[in-house]
Amino acid sequence: MTPDVRPLVAGNWKMNGTRQSLGEIKAMAEGIDGPLAEHVDALICPPATLLYVATALCTDSQLMVGAQDCHHEVQGAHTGDISAEMIADCFGTHVILGHSERRTDHRETDQMVQSKVEAAHAAGLTAIICIGETGDERDSYETLDVLMRQMSHSIPDGAMADNTVIAYEPLWAIGTGLTPTPVDVAVVHAFIRAELVQRFGAEGKVMRILYGGSVKPSNALSLMSVDNVDGALIGGASLKASDFLAIYSVYEGLVA
Ligand code: PEP
């Protein structure tokens, strides 16, 4: 954790979920609403098809709803894409950008991610910018160089702590059940923090840095306890309200 930083537990449903899954979001919304919500934020990012109905379900809840990607333009001839304005129009508050699956499947570059982040900010959304190294890069000790490059080119100048969240997601840990050790996470998050402070000063000190990659109820406490880990970005374990809420609840032992 980071002093004076409110943790964020965020779920990424990826290309999973139909109307039948909305009961899970309803259960999450009900489960989040309690004393812990005074100290810890929670966000769920379903596929775009469920965004509007999900925000409607969460109107009376502290559970926030976001999207998984946006186009960098406001509108236009971009079949299949959605803009940041459209997400805001559905009452979405956040958008995940630069997820490794977008970078790989859609060949998104750091520069493309940066334009999307700027579009998200212009629409009043908080951008969750994903960075992370591959297994090969890790094995050849390139992790910090890769993260440095991704941060330099994906995070726009002028990013603020209240509109930007960084998610460190080692690619080899996503969906594999593997996680770095808490010590490894501490080293990487300390590096990210130092870079954010160098570039953004006081804003960088309180910009949230999430850890993502095979977070589950059984490992959440050890990962969320690490210095400079200000929450989680959760894929598979966010599909079930019971797992998502179990991860959220580890903060009962961590916040005042
Ligand atoms: C993700 O894709 O953002 C992710 C962290 O997935 P998982 O938790 O399933 O590893």
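Sequential numbering from 1 along the given sequence is applied to the chain's residues. We count ligands from 1, going down the list as the structure has it; atoms in each ligand are counted the same way. Only heavy atoms go into these numbers, but all of them, side chains included; no hydrogens, no water, no symmetry mates.
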Query raised in the report: Under a 4.0 Å N-O cut-off, is there an ion pair linking Arg138 with Glu142?
Result: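 A salt bridge is absent here (no side-chain N lies under 4.0 Å from a carboxylate O).
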
Requested in this report: Determine, for Asp230 against Arg193, whether the closest basic-nitrogen to carboxylate-oxygen distance falls under 4.0 angstrom.
Outcome: yes

Show me which atoms of ligand 1 lie under 4.0 Å from any heavy atom of [X].
X	value
Ala173	10 (O)
Gly236	7 (P), 8 (O), 9 (O)
Gly175	7 (P), 9 (O), 10 (O)
His99	1 (C), 2 (O), 3 (O)

Query raised in the report: At a non-hydrogen distance cut-off of under 4.0 Å, which region of Ile174 contacts ligand 1 (side chain, backbone, both, or neither)?
Result: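 Both backbone and side chain.
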
Requested in this report: May I ask you to identify, for Ser238, whether its side chain, its backbone, both or neither come under 4.0 Å of ligand 1 on a heavy-atom basis?
Outcome: neither

Ignoring angles and geometry beyond distance, decide whether [X] reaches within less than 3.5 Å of ligand 1 through its nitrogen or oxygen atoms.
X	answer
Glu169	yes
Ile234	no
Gly235	yes

Report task. Run the contact test for Gly213 against ligand 1 with a 4.0 Å cut-off on heavy atoms, strictly below, and give the result. Result -> yes

Requested in this report: Take every heavy atom of Lys14, measure it against each atom of ligand 1, and state whether any distance is under 4.0 Å.
Outcome: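 Yes, Lys14 has a heavy atom closer than 4.0 Å to ligand 1.
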
Query raised in the report: Are Ile155 and Ile129 side-chain neighbours, meaning at least one heavy-atom pair lies under 4.5 Å?
Result: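 Ile155 reaches Ile129 side chain to side chain.
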
Query - Ring centres under 6.0 angstrom apart (His189, Tyr168) - result: yes

**Report entry** Donor-acceptor pair between Asn163 and Thr126 side chains, under 3.5 angstrom
**Finding:**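 No donor-acceptor contact under 3.5 Å links the two side chains.
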
**Report entry** Donor + acceptor pair across side chains of Glu137, Thr134 (<3.5 Å)
**Finding:**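 Looking only at side-chain atoms, Thr134 and Glu137 do form a donor-acceptor pair, the distance falling under 3.5 Å.
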
Query raised in the report: After noting the C-alpha distance and the side-chain angles of His153 and Gln114, does the key distance pass the side-chain hydrogen bond (donor to acceptor under 3.5 Å, both in side chains) rule?
Result: CA-CA 7 Å; His153 300 294; Gln114 180 169 313; 5.9 Å; no

Query raised in the report: Under the 3.5 angstrom rule, does the side chain of Asn16 hit a backbone N or O of Trp13 as a donor-acceptor pair?
Result: yes

